[in-house]
Amino acid sequence: MKLRRADWVFVLVAGLVVVSVSLLPSPRDRNPPVPATPAHRGVTAETRCVTCHAPEGTRPLVERHPKRKDCFRCHRLQPAG
């Protein structure tokens with residue numbers, strides 16, 4: 001089967017779209033990291049985040065923050081040191 005010019009153009013455009021999407025910044029690149037404060041040192045599980053950042057916690061999340069419990073999906077941990 002021989003590909004027509006239109007088929008090659010479609011393949012090229014589809015490839016460019018895939019490459020462009022892969023170069024977009026991830027949520028972890030745009031969002032602030034987990035702060036390097038004493039209170040956040042040693043945090044390795046999202047269940048510890050909810051302790052302080054729940055609505056009744058000491059530092060509740062702002063209203064516009066997504067109501068998710070997988071913090072490390074968007075916020076990266078700071079390297080130890």
Side-chain angles (χ1 to χ4, degrees):
M1 178 178 165
K2 186 174 181 182
L3 293 177
R4 297 175 297 160
R5 183 173 185 205
D7 296 331
W8 284 111
V9 170
F10 175 78
V11 169
L12 179 65
V13 170
L16 288 173
V17 168
V18 169
V19 169
S20 299
V21 169
S22 70
L23 294 176
L24 290 173
S26 72
R28 295 182 101 177
D29 296 335
R30 291 189 314 263
N31 290 321
V34 175
T37 61
H40 289 95
R41 250 181 234 126
V43 172
T44 57
E46 286 96 346
T47 54
R48 296 214 32 220
C49 302
V50 177
T51 305
C52 295
H53 297 297
E56 64 280 346
T58 56
R59 300 277 304 198
L61 297 174
V62 294
E63 186 61 36
R64 63 178 163 71
H65 191 279
K67 306 299 181 218
R68 302 178 64 126
K69 302 237 187 316
D70 55 346
C71 308
F72 300 151
R73 178 180 174 101
C74 298
H75 300 282
R76 66 190 177 285
L77 292 171
Q78 296 283 347

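Sequential numbering from 1 along the given sequence is applied to the chain's residues. Computed from a predicted model, the values in this text were never measured in an experiment. The figures that follow rest on heavy atoms only: side chains count, while hydrogens, waters and symmetry mates do not.
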Inset, instruction - Look up atom SG in C71 and atom NE2 in H65, then write down how far apart they are to the nearest 0.5 Å. - result: 7.0 Å
Legend entry - Nearest-0.5 Å distance, CD of residue E56 to OG1 of residue T51: 10.0 Å
Inset, instruction - State whether the number of non-hydrogen atoms from other residues, nucleotides or ligands found under 6.0 Å of F72 atom CZ is greater than 12. - result: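 More than 12 within 6.0 Å, yes.
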Inset, instruction - Tell me, yes or no, whether the heavy-atom count around R30 atom CZ, taken from other residues, nucleotides or ligands under 6.0 Å, exceeds 12. - result: yes
Inset, instruction - Would you indicate whether the side-chain heavy atoms of H75 and P32 approach each other to under 4.5 Å? - result: yes
Legend entry - Test item: C49 and V43 side chains (from C-beta on) under 4.5 Å apart, heavy atoms: yes
Legend entry - Heavy-atom closest contact (H53 atom, R59 atom, distance): ND1-O, 2.7 Å
Legend entry - Partners meeting salt bridge (charged side-chain N to carboxylate O under 4.0 Å, His left out) with R64 (sequence neighbours left out): none
Inset, instruction - Begin with the C-alpha distance, continue with both residues' side-chain angles, and end with the deciding distance and a verdict on side-chain contact (heavy atoms from CB on, under 4.5 Å) for E46 and K69. - result: CA-CA 7 Å; E46 286 96 346; K69 302 237 187 316; 5.7 Å; no
